[in-house]
Number of protein chains: 2
Amino acid sequence: MARENKAKVNLSEVAKAAGVSKMTASRVLRNASGFSEETRQRVLREVERLGYVPNRIAAAFGSEQTSTIIGVSVPFLSSSLFGAVLDSTNGALAKFGYQTMIGAHENSSETEETWVKNILSWRPAGLILSAPRHSKATRDLLRNHGIPVAEIWNLNTSPIDLSVGFNHYDCGHEMALYILSKGYRRIGYVGADALAPGLGALRRKGFIAALEASNMTFASEEILSDRSSFYAGFYGTETILNRNRNLDCIYFQDDAMAIGGYFYCKSKDLRVPQDIAIAGWGSMEIASVLPQRLTTTVVSTQALGKAAAQSLVARIRGEPVDDVVISGTRLAPGATV
Amino acid sequence: MARENKAKVNLSEVAKAAGVSKMTASRVLRNASGFSEETRQRVLREVERLGYVPNRIAAAFGSEQTSTIIGVSVPFLSSSLFGAVLDSTNGALAKFGYQTMIGAHENSSETEETWVKNILSWRPAGLILSAPRHSKATRDLLRNHGIPVAEIWNLNTSPIDLSVGFNHYDCGHEMALYILSKGYRRIGYVGADALAPGLGALRRKGFIAALEASNMTFASEEILSDRSSFYAGFYGTETILNRNRNLDCIYFQDDAMAIGGYFYCKSKDLRVPQDIAIAGWGSMEIASVLPQRLTTTVVSTQALGKAAAQSLVARIRGEPVDDVVISGTRLAPGATV
DNA sequence: CTGAAAGCGCTAACAC
DNA sequence: GTGTTAGCGCTTTCAG
């Protein structure tokens, strides 16, 4: 089946058919002012009849020199946390009339840089970035372009432009205090971002700071060179417990790993939290059906995504916005600590 | 911080700086032929020096009348199954030099139609759709445009253009035969797509066909008006078991629901599969850490996404492709049936 | 191997 | 309320 060129109807033809000028037709379609109701009707009828599909490429080109495309980059499109962010961001942006162009940076600044360069050539109205760090080239590029940019996920107090994020450091710090308050003293850490430290590393730092304030430190750590997953948590827990059978609590990089760890413990008939306590971060839907409620930090990825979209759009429109927005988190005590 | 207009460097300036014509610079940048190595060096040096960012909007506009944008629509961006599809599709498309523009149709033909109309105005090179059905308007629009379209997820034997999918009907049929072979006779079904039947409904049909061949039918069904989730499975199982305590097996719409159901059963101290057997569809990463291996149909969302991207690109390039590609599925017997 | 001219489909600016 | 005139930054001819 060869590709043919159909759908060639353009504004001129619509205008001609409606007996008006291109300009008037254009105004009607953009809902600008400057046409009578009767004209409107006539133009819209022809649009319908001819099956006219506007050409946004031409529109973006011929006008403001910036499209209604918004580039959104996340670590992985298959991440459950970022999937929710994408969903709410995309929904909010669509309502504002923007289209989402996606990218997966895989926690690599280089991959992100390549993507940014690429996406900028589409003259997007704005960008949403989620990587904890950007290469210098990326930062320079964005600054020079003067394009609205919302950095999300991490809270960046001196953002390129805008920042909407969670305070990961505080999350870790708070969880450490909670765990200490419950009397645990031989605490381990299991993560999976050895190759490309993400925000889990920042939570870990906050956690360690709280430990050190009590003259403690992690009794053991296991940071895999992997991507966070249920199985990584399972395996990491097996490894750390085989090395250090004394642990009475493990803080995990996130809930997926914590749940994996939980099931490892269960598979060894360890009682949670009596034999070993478990804490995660992030909250996952599956937690609602598990036998025990997981102690974790609850975050609203949906709220974050929406807030980011709103801030970015406000910035694009030149409306006043806070440069830094903190998205709330809440330590949710469960039955596993 | 007001938005300024920087990065105004365009091809002309690069060309002038390099002492060549726009055309030559253009050729170098597109890696077309027709320039000397020395010219190439000079142009690239100026590109670097001036921080030139190509304008793809102008390029798409000025040339083939079709961009390198590919529109990809999935039910939800936060779905774990479709997240994986998106990830592999996006990765494959990026390698081919395409950009992904996303949409979430939420299992509504209307939402999809709106999105398709919108996306077509970007003159995409192709589209990937995942909805089981499209509105007539959508189908007409796509046919008239003659744009390459890959319909994924469901296997459509008479696709608009291309189809890459799983044979959901067969999946259900096969699972029914397996369950029957294990001696189960009082089988229930739990789903969550009452409002907008998706492909789970097709698996259910295949399952029923196999039951009917044995003069049986579902002993009980519970199809929630909800979105599939772990909790929906938990709750649906509670509902169906309260209504019919005789069931010896439940076939779930998908793994998320099956896992939710599994934990409901566990919470009631039901033995699986002795008291009640459980089967799902789709395979999820968490299955690797559960106490019992779930009996399910394993599908490769990654393979599907990649295959779809490859077929679509081949079609765009005018290379020969199979119109219909079946992505394999495999019944994986576990410990829950 | 290189360049000049034309034009893609739309919108901004200005006239009427 | 409506039309006219340019021109956005590229690429596609077509000449050299």
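Per chain, numbering begins at 1; letters A, B, ... match sequence-line order. Since the model is a prediction, treat every value here as computed from it, not as a measurement.
- In this structure, B/Thr39 reaches the C/dT2 phosphate: one of its side-chain N or O atoms is under 4.0 Å from OP1 or OP2.
- Under the 4.0 Å criterion applied to side-chain N and carboxylate O atoms, A/Glu38 and A/Arg42 are assigned as salt-bridge partners.
- B/Arg40 has its CZ atom 17 Å from the C1' atom of C/dT2, to the nearest Å.
- Looking at B/Glu46 and B/Arg49, a side-chain N of the basic residue comes within less than 4.0 Å of a carboxylate O on the acidic one, giving a salt bridge.
- Rounded to whole Å, the distance from CZ on B/Arg123 to C1' on C/dG9 is 9 Å.
- With DNA chain C read from its 5' end, the first of the two nearest nucleotides for B/Thr24 and A/Arg56 is the one closest to B/Thr24.
- Going from atom CZ of B/Phe35 over to atom P of C/dG3 covers 13 Å, rounded to whole Å.
- In this structure, CZ of B/Arg27 is placed 14 Å from P of D/dC14, rounded to the nearest angstrom.
- Atom NZ of A/Lys16 is separated from atom P of D/dT4 by 13 Å (rounded to the nearest Å).
- The phosphate of D/dT11 (OP1 or OP2) has a side-chain N or O of B/Arg30 nearer than 4.0 angstrom.
- Classification of A/Lys306 and A/Asp87 as a salt-bridged pair fails, no side-chain N sitting under 4.0 Å from a carboxylate O.
- At C/dT2, one or more side-chain N or O atoms of B/Ser36 fall inside 4.0 Å of OP1 or OP2 (strictly under the cut-off).
- The separation between B/Ile57 atom CD1 and C/dT11 atom P is 13 Å, rounded to whole Å.
- Closest approach to the B/Asn10 side chain among D/dC10, C/dT2, D/dG3 is made by D/dC10 (side chain taken as heavy atoms from C-beta onward).
- Atom-to-atom, CG of A/Asn55 to P of C/dG7 comes out at 18 Å; the value is rounded to the nearest Å.
- Applying the salt bridge (Lys or Arg N to Asp or Glu O under 4.0 Å) rule to B/Lys117 yields the partners B/Glu113; only residues at least two apart in sequence or on another chain are considered.
- We find that NZ of A/Lys22 is positioned 19 Å from C1' of D/dG1, with the value rounded to whole Å.
- Regarding contacts with the backbone of C/dG9, every side-chain N or O of A/Tyr52 stays at 4.0 angstrom or more from both OP1 and OP2.
- The neighbour count for B/Glu319 CD, taken as heavy atoms of other residues, nucleotides or ligands under 6.0 Å away, is above 12.
- Distance from the side chain of B/Met23 is smallest for C/dG3 among the nucleotides C/dC8, C/dG3, D/dG3.
- For A/Ser26 and C/dT11, the shortest distance from a side-chain N or O to OP1 or OP2 is below 4.0 Å.
- Proximity note for B/Ala59 (side chain, C-beta onward) versus D/dT11, D/dG3, C/dG9: the nearest is D/dT11.
- For C/dC10, the base is not stacked against the aromatic ring of A/Phe61, per a cut-off of 5.5 Å between centres and 30° between planes.
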